[in-house]
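Only one structure is covered here, and it is reproduced in the block below.
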Amino acid sequence: MKKILLSVGAGLWAVLVVSGVEASAGHDQHVAAAAMGPPGKASEVARTIEISMHDNYFEPESFSVREGETVRFQIINQGGLVHEFNIGTAAMHERHQTEMLMMVQHGVLKGDKLDRSMMEMDMGNGHTMRHDDPNSVLLEPGEQAELIWTFAKAANLQFACNVPGHYQAGMQGEISLQ
């Protein structure tokens, strides 16, 4: 009986430790997201920044924003490959790159094309490859999009393309908050 209680106790302890780690990781992710700011409202846009995506760099390579400023990004993919404009921290980009690799592995992202019908594919637990986060756009060559963002606090933010290999090739830029 003592061994059973010890086993159950050890099992419960392990569950609590793992749950605490996951809760902590989730909390850190939410803190980083809160520091980034929320999607912005068109009625609050202070200025527009045009972003051109090329194979494998952005123009401009960096930009500055003020805390609380709402910016409209006009983004165009002038490259020959699919590219992404994603606002986040380096750690957020690293996590997102895993998701982007899955898109390649499942045939959703095909170099210069997106299989948009496959983006709706159920990956389990209601998750899809829709790529519809408000801090990100994914564009085929020649496509353009708009993203509106309000920058909350001074944080170590970047904009990046997380298509496999693009970030590592230098397709990233710094966002300076003043």
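Source: prediction; values computed, not measured.
- For the pair W149/V65, no side-chain contact is recorded, criterion being any heavy-atom separation below 4.5 Å from C-beta on.
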>> Please evaluate residues E146 and Q74 with respect to the criterion side-chain hydrogen bond (donor to acceptor under 3.5 Å, both in side chains), reporting the C-alpha separation (whole Å), side-chain torsions for both, the decisive distance (0.1 Å), and the verdict.
In response: CA-CA 5 Å; E146 179 179 277; Q74 293 286 350; 3.0 Å; yes
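- Considering only heavy atoms from C-beta on, F151 stays 4.5 Å or farther from T70 through its side chain.
- Residue I148 shares its hydrophobic cluster (ILVMFWY side chains chained together at separations under 4.5 Å) with V45.
- Criterion: ILVMFWY side-chain heavy atoms under 4.5 Å apart, direct or through other members. Under it, F85 and L139 are part of a common hydrophobic cluster.
- Looking at every heavy atom in both residues, G79 comes nearest to P141 through O-CB, 3.2 Å.
- Cluster annotation: I49 is connected to I87 through the hydrophobic network of ILVMFWY side chains, with a link wherever side-chain heavy atoms come within less than 4.5 Å.
- In this structure a side-chain-to-backbone donor-acceptor pair under 3.5 Å is present from N77 to L81.
- Using a 4.5 Å heavy-atom cutoff, the side chains of Q172 and H166 are not in contact.
- Residues passing the side chain to side chain donor-acceptor pair (under 3.5 Å) test with E143, sequence neighbours excluded: R116.
- Remark: of the listed residues E61, E84, M53, M53 is the sole one forming a side-chain contact (heavy atoms from CB on, under 4.5 Å) with M171.
- Between H106 and D115, the closest side-chain pair of non-hydrogen atoms is not below 4.5 Å.
- Cluster annotation: F159 is not connected to I76 through the hydrophobic network of ILVMFWY side chains, with a link wherever side-chain heavy atoms come within less than 4.5 Å.
- Checking H83 against D55 by side-chain atom types alone, a donor-acceptor pair falls below 3.5 Å.
- Nearest heavy atom pair, residue S64 against residue Q178, reads CB-NE2, 3.4 Å.
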>> Working note: T89 + L157, criterion side-chain contact (heavy atoms from CB on, under 4.5 Å); need CA distance, chi angles, decisive distance, verdict.
In response: CA-CA 5 Å; T89 64; L157 295 179; 4.1 Å; yes
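- More than 12 heavy atoms of other residues, nucleotides or ligands shown are found within 6.0 angstrom of CD on E120.
- The side-chain hydrogen bond (donor to acceptor under 3.5 Å, both in side chains) test with Y167 singles out one residue from H93, E94, Q97, Q158, and that residue is Q158.
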>> Go through it in stages, so that I can follow the logic: the residues are E99 and N162, the test is side-chain contact (heavy atoms from CB on, under 4.5 Å), and I'd like the CA-CA distance, side-chain angles, deciding distance and then a yes or no.
In response: CA-CA 9 Å; E99 295 170 5; N162 293 298; over 6 Å; no
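- Taking the side chain as every heavy atom from C-beta outward, E59 and H54 approach each other to under 4.5 Å.
- Taking the side chain as every heavy atom from C-beta outward, N86 and M92 never approach each other to under 4.5 Å.
- With a 4.5 Å cut-off on side-chain heavy atoms, H131 and M103 count as touching.
- Taking the centre of each ring, F63 and F73 come in below the 6.0 Å mark.
- Between the CD atom of Q78 and the OG atom of S52 there is a distance of 4.0 Å, given to the nearest 0.5 Å.
- Connection of L101 to L114 is not established within any shared hydrophobic cluster, with ILVMFWY side chains joined at heavy-atom distances below 4.5 Å, either directly or through further cluster members.
- D112 pairs by the side chain to side chain donor-acceptor pair (under 3.5 Å) definition with nothing, not counting sequence neighbours.
- Note: the hydrophobic cluster containing M119 also contains V104 (ILVMFWY, side chain heavy atoms under 4.5 Å, direct or indirect links).
- Atom CD in E69 sits 9.0 Å away from atom OG1 in T150 (nearest 0.5 Å).
- With a 4.5 Å cut-off on side-chain heavy atoms, L109 and M100 count as touching.
- Pairing each heavy atom of L138 with each of V163, the nearest pair is CD1-CG2, 4.2 Å.
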